[in-house]
Amino acid sequence: MTSHEALSTVLGVQIEPSLFTLALTHRSYAYENGGLAHNERLEFLGDSILGQAVTVMLYTEFPDLDEGELAKRRASLVSSVALAEVARSIGLGPFIRLGKGEEQTGGSDKSSILADTVEAIIGAAYLDLGGEAATELVLRLIRPLLDNPERFGAAMDPKTSLQELAARLGMGLPSYQISDSGPDHSKRFHASVLLGSTVIAEGDGSSKKQAEMAAALDAWTLLQVPAK
């Protein structure tokens, strides 16, 4: 079984191989290999398909929720943090084609890259298999996130949710360490969240706030097990 076949089995879809390869090609790989096509256009398309599928699902399955609550849940489910969680659950990282520099800095586990690749795969599914199959793929990937309703509040304000959870567990206040990389016009930020002197989780983003939120939600998720 090829790597594409293995990933297709996990996803439950069979996407045309060249289109699937494109969906898995990060711009860093494309630039290092003579300016190949990369997945950002597919990502743009997939983002739209994702938003529509999740909106219709929430509207249909939660008739008692008002517009504000539906919007909060949608924002949680389509966030980069949520999509990165989905990507890790299916082991997507090793399949992504990255440039050497991105590989060396752990790009296969960066939340932003993982999330963007999920969207690109959704876009590829739409182009190759049509809207119904793409919607089914979205719901198959997203539905496990619905199993923990507390995550909606946490995803909207993960730093506050983590602070409250850590206090309940007697772990003190979280603190954050930030680093950045890349040119001034395209910086990426990396955040580590600590409880005491221990790094609990890490996150990436295009701003300090986004990176801290990603790290905080990952930490909140990890701490849920002892909190139950």
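One is the number of the first residue; the rest follow in order along the sequence.
Judged by distance alone, the side chain of S161 and the main-chain N or O of P158 form no donor-acceptor pair under 3.5 Å. With D128 contributing its side chain and A124 its backbone, the two residues share no donor-acceptor pair below 3.5 Å.
Side-chain contact check for S18 and E16: at least one donor-acceptor pair (N or O, by modelled atom type) lies under 3.5 Å.
Both the sub-6.0 Å distance and the 45° axial angle are not jointly satisfied by K208 relative to the ring of Y176.
Of the charged side-chain nitrogens involved, none lies within less than 4.0 Å of a carboxylate oxygen, so that E102 and R188 do not count as a salt-bridged pair. Using a 4.0 Å cut-off between charged nitrogen and carboxylate oxygen, D109 and R88 count as a salt-bridge pair. No salt bridge links E32 with K100; every basic N to acidic carboxylate O contact stays at or beyond 4.0 Å. A salt bridge links R73 with E69: at least one charged nitrogen is closer than 4.0 Å to a carboxylate oxygen.
Both I96 and V10 are members of a single hydrophobic cluster when ILVMFWY side chains are connected at heavy-atom separations under 4.5 Å. When hydrophobic clusters are built by joining Ile, Leu, Val, Met, Phe, Trp and Tyr residues whose side-chain heavy atoms come closer than 4.5 Å, directly or via intermediates, L217 is not grouped with L173.
In R140, the CZ atom is crowded: over 12 heavy atoms of neighbouring residues, nucleotides or ligands sit closer than 6.0 Å.
The distance from the CG atom of L24 to the OH atom of Y29 is 11.5 Å, given to the nearest 0.5 Å.
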